[in-house]
Amino acid sequence: QVQLVESGGGLVQAGGSLRLSCAASGRTLSSYSMGWFRQALGKEREFVAAISPSGIRTNYADSVKGRFTISRDRAKNMEYLQMNSLKPEDTAVYFCTAGGLMESSTTAYPYWGPGTQVTVSS
């Protein structure tokens, strides 16, 4: 019922910035929490950030706090992740997700995008 597609990934130098977007189609996501996860090669998918249905409350992994900003536009069914001061360890496939109650566990989110690659060079 919900389709998510990420965009905005790419190659960036350390210290640079990228803005990821997630476009949703189908049912409105106004009542869903949304979030971002990432998965580096050979590692488990990890929580990055989440945002409440209203867009007012946010939660961040300690590793990205102060550098990344999650936001959403409920009218457009869009979610964003502004990533600043990128580090090589931020290199991963980034996934948009929706559902749950701002949980940090992948199992709490029923809807996922296919992912977009972010590569941060040193």
Asks: With no hydrogens and no angle check, just 3.5 Å: does a side-chain donor-acceptor pair link Q117 and T119?
Replies: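 Checked: Q117/T119 side chains pair up, N/O donor to acceptor below 3.5 Å.
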Asks: Could you pull out the closest heavy-atom pair between Y94 and L81, with the gap in Å?
Replies: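 Y94 and L81 have their closest heavy atoms at CD2-CD2, 4.1 Å.
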Asks: Please report the C-alpha distance between W36 and I70 in whole Å, then the side-chain angles of each, then the deciding distance to 0.1 Å, and finally whether the side-chain contact (heavy atoms from CB on, under 4.5 Å) criterion is met.
Replies: CA-CA 8 Å; W36 292 92; I70 188 172; 3.7 Å; yes
Asks: Which pairs of donor and acceptor atoms, one on a side chain in residues 8-15, lie under 3.5 Å apart (sequence neighbours left out)?
Replies:
none

Asks: Do you know the tightest heavy-atom contact between P110 and A98?
Replies: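 Result for this residue pair: CD-O, 3.2 Å.
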Asks: I need the minimum non-hydrogen distance between I56 and S52, along with the two atoms involved.
Replies: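 Scanning both residues completely, I find the closest heavy atoms to be N-OG, 3.4 Å.
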Asks: Tell me the closest heavy-atom pair linking S31 and P53, and the distance in Å.
Replies: O-CG, 3.7 Å
Asks: Mind checking what makes side-chain contact (heavy atoms from CB on, under 4.5 Å) contact with S25, not counting sequence neighbours?
Replies: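 Applying side-chain contact (heavy atoms from CB on, under 4.5 Å) to S25 gives Q3.
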Asks: Between D90 and K87, is the closest basic N to carboxylate O distance under 4.0 Å?
Replies: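 No, this pair does not count.
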Asks: So, the side chain of E6 versus the backbone of C96: is there a donor-acceptor pair under 3.5 Å, distance only?
Replies: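 Answer holds: yes.
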Asks: With a 4.5 Å limit on heavy-atom distance, are the side chains of V93 and T116 in contact?
Replies: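 Sidechains of T116 and V93: no contact.
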Asks: Going through the checks in order, is the side-chain contact (heavy atoms from CB on, under 4.5 Å) test met by M102 and R57?
Replies: CA-CA 9 Å; M102 297 181 65; R57 295 184 293 111; 3.3 Å; yes
Asks: Do T91 side-chain atoms and V120 backbone N/O form a donor-acceptor pair below 3.5 Å?
Replies: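 Looks like yes, one N/O pair under 3.5 Å.
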Asks: Keeping the roles fixed (side chain from E79, backbone from G35), state whether a donor-acceptor pair exists under 3.5 Å.
Replies: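 Between the backbone of G35 and the side chain of E79 there is a qualifying donor-acceptor contact (under 3.5 Å).
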Asks: Show your reasoning for whether side-chain contact (heavy atoms from CB on, under 4.5 Å) applies to F68 and N84.
Replies: CA-CA 6 Å; F68 291 10; N84 298 327; over 6 Å; no
Asks: Quick check for you: to the nearest 0.5 Å, what is the distance between N59 atom CG and S33 atom OG?
Replies: 10.5 Å
Asks: Any idea which heavy atoms bring P88 and S122 closest together, and the distance?
Replies: CG-CB, 4.1 Å
Asks: Flag yes if more than 12 heavy atoms outside E89 fall under 6.0 Å of its CD atom; otherwise flag no.
Replies: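 Check passes, neighbour count above 12.
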Asks: Which atom names give the shortest non-hydrogen contact between L18 and V118, and what distance separates them?
Replies: CD1-CG1, 3.8 Å
Asks: Give the intermediate values and the outcome of side-chain contact (heavy atoms from CB on, under 4.5 Å) for residues Q82 and S71.
Replies: CA-CA 8 Å; Q82 178 66 46; S71 62; over 6 Å; no
Asks: Quick check for you: to the nearest 0.5 Å, what is the distance between M78 atom CE and M34 atom CE?
Replies: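 Spacing of CE (M78) from CE (M34) equals 9.0 Å.
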Asks: Cation-pi between R72 and Y80: NZ/CZ under 6.0 Å from ring centre and within 45° of the ring axis?
Replies: no
Asks: Does the separation of the ring centres of F37 and Y109 fall below 6.0 angstrom?
Replies: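 Yes.
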Asks: Find out whether F47 and T106 are in side-chain contact, i.e. whether some heavy atom of one side chain is under 4.5 Å from a heavy atom of the other.
Replies: no
Asks: Whether R38 engages the ring of F95 as a cation-pi pair (distance to the six-membered ring centre under 6.0 angstrom, angle to the ring normal within 45°) should be assessed.
Replies: no
Asks: In Å, rounded to the nearest 0.5 Å, how long is the span from CZ of R19 to CE of M83?
Replies: 11.5 Å
